[in-house]
Amino acid sequence: MIKKILTLSSVLVLASATFAHADAIGTTKLFQLTFDACSGTCGTSPFGTIQLVQTANGVVTVTETLKATTPAEGFVATGAGESLDWNLTGNPLIAIGFLTPGFGVTGATSASAFGSFEYSVSCAGISCGPGASVTNPGPLSFTVTNGAGVNVSDFIGNAGGFFFASDIIGANGNSGNVGAGSGTVTPPVPEPSSLLLFGTGLAAAAGLARRRMVSAIKGN
């Protein structure tokens, strides 16, 4: 009987661990493009934001929005990096979907002062460039997933601690890479019905384990 109780407890622990591994749908992380490696600076930071949202199990939607200015900031193709560069835990093979028209997948890249990244998308040769001759104001958006699923928490900093880099032109007319450090996570707010169902399940399992433990103690 004690063995059965221990087995039940193990199942509960494993279930909790599985629940904790996958980011809940609605988990959001916001990054600010505050680091400036532009030639002569791109002006006043932050230059924009990058938002990650867990839009489905194993699917993250990435949105980069440059700061609205006059004249407008925009994505360019100076060769210093790509429109957006990032890393993921374990460098898995990924699928990018719903990519904003005017951008293409470009793979691993080096982003000048911000170092190397394993993944990138770019407007170069499609809707911007060469250099800063033609700009794309964005926003840029796409989804990231793979066979095992991708979570918001899988986006990590590179060797220099930078989570993202982006090749832009600032409101002042200077261009180059800007970067983002660690972001701010906002956990989702569970629906009341989901909380009730989850809590009821835990209470029932705990009650069953307690009754079995009491029976086992009495039997001894």
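Just so it is clear, the values below take in all heavy atoms, side chains as well, and ignore hydrogens, waters and symmetry mates. Note that the structure is predicted; figures quoted are calculated from it, not measured.
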Problem set entry | Atom of Ala165, atom of Phe117 and distance for their closest heavy-atom approach | CB-CE1, 3.8 Å

Exercise. How long is the span from the CD1 atom in Ile94 to the OG1 atom in Thr145, to the nearest 0.5 Å?
Worked result: 9.5 Å

Problem set entry | Other residues, nucleotides, ligands: >12 heavy atoms within 6.0 Å of Asn57 CG | no

For this session: State the CD1-CD distance between Ile50 and Glu64, to the nearest 0.5 angstrom.
Result: 4.5 Å

Exercise. Any link between Tyr119 and Val105 through a network of hydrophobic side chains (Ile, Leu, Val, Met, Phe, Trp, Tyr) touching at under 4.5 Å?
Worked result: yes

Exercise. Is it true that Leu33 and Phe155 fall in one hydrophobic cluster, defined by side-chain heavy atoms closer than 4.5 Å?
Worked result: yes

Seminar exercise, completed: Rounding to 0.5 Å, atoms OG1 (Thr143) and CD1 (Ile96) come to a distance of 8.0 Å

Exercise. Is there side-chain contact between Val121 and Trp86, with at least one heavy-atom pair below 4.5 Å?
Worked result: yes

Exercise. Does any N or O in the side chain of Asn172 come within less than 3.5 Å of the main-chain N or O of Asn174, such that one atom is a donor and the other an acceptor?
Worked result: yes

Exercise. Does the side chain of Ser122 pick up a donor-acceptor pair with the side chain of Glu82 at under 3.5 Å?
Worked result: yes

Exercise. Quick one: does Ser166's side chain get under 4.5 Å of Val178's, heavy atoms only?
Worked result: yes

For this session: Name all residues meeting the side chain to side chain donor-acceptor pair (under 3.5 Å) criterion together with Thr55; count only those two or more places apart in sequence or in a different chain, and write none if there are none.
Result: Thr61

Exercise. Is the distance between the ring centroids of Phe164 and Phe31 under 6.0 Å?
Worked result: yes

For this session: Mind running side chain to side chain donor-acceptor pair (under 3.5 Å) on Ser45 and Asp36 for me, showing each step along the way?
Result: CA-CA 8 Å; Ser45 70; Asp36 188 349; over 6 Å; no

For this session: To the nearest 0.5 angstrom, please state how far the CG atom of Leu99 sits from the CG atom of Leu140.
Result: 6.5 Å

Problem set entry | Note, Ser120 side chain near Leu84 side chain (heavy atom, < 4.5 Å) | no

For this session: Would you mind reporting whether Val144 and Val62 have side-chain heavy atoms less than 4.5 Å apart?
Result: yes

For this session: Output all residues satisfying side chain to side chain donor-acceptor pair (under 3.5 Å) with Ser175, sequence neighbours left out; order by chain, then residue number.
Result: none

For this session: Could you list the residues that satisfy side chain to side chain donor-acceptor pair (under 3.5 Å) with Thr78, not counting sequence neighbours?
Result: Asp167

For this session: Answer with yes or no after comparing the ring centroid distance for Phe142 and Phe103 against a 6.0 Å cut-off, counting only values under it.
Result: no

Exercise. For Val150, does its backbone N or O pair with a side-chain atom of Gln54 as donor and acceptor, under 3.5 Å?
Worked result: yes

Problem set entry | Worked verdict on Asn87 versus Phe163 for side chain to side chain contact (heavy atoms under 4.5 Å, CB included) | CA-CA 7 Å; Asn87 280 337; Phe163 281 71; over 6 Å; no

Exercise. How close do Thr34 and Phe47 get, heavy atom to heavy atom, and via which atoms?
Worked result: O-CE1, 4.3 Å

For this session: Taking atom types as modelled, find out whether Thr28 and Gln51 have a side-chain donor-acceptor pair closer than 3.5 angstrom.
Result: no

For this session: Assess whether side chain to side chain donor-acceptor pair (under 3.5 Å) is satisfied between Thr49 and Thr65, documenting all intermediate values.
Result: CA-CA 5 Å; Thr49 61; Thr65 306; 4.6 Å; no

Problem set entry | Test item: Ser83 side-chain N/O and Phe75 main-chain N/O as donor-acceptor pair under 3.5 Å | no

Exercise. Given Cys128 and Thr135, is the side chain to side chain contact (heavy atoms under 4.5 Å, CB included) satisfied, shown in steps?
Worked result: CA-CA 5 Å; Cys128 69; Thr135 66; 5.7 Å; no

Exercise. Do Asn136 and Ser127 have a side chain donor and acceptor closer than 3.5 Å?
Worked result: yes

For this session: Could you tell me whether the side chain of Lys67 and the main chain of Thr44 form a donor-acceptor pair under 3.5 Å?
Result: yes

Exercise. Does the separation of the ring centres of Phe35 and Phe162 fall below 6.0 angstrom?
Worked result: yes

Exercise. For the side chain to side chain contact (heavy atoms under 4.5 Å, CB included) test, which of Asp154, Val152, Val185 pairs with Asp23?
Worked result: Val152

Problem set entry | Sub-4.5 Å side-chain heavy-atom contact between Ile168 and Leu66 | yes

Exercise. Between Asp85 and Thr109, is any side-chain donor less than 3.5 angstrom from a side-chain acceptor?
Worked result: no

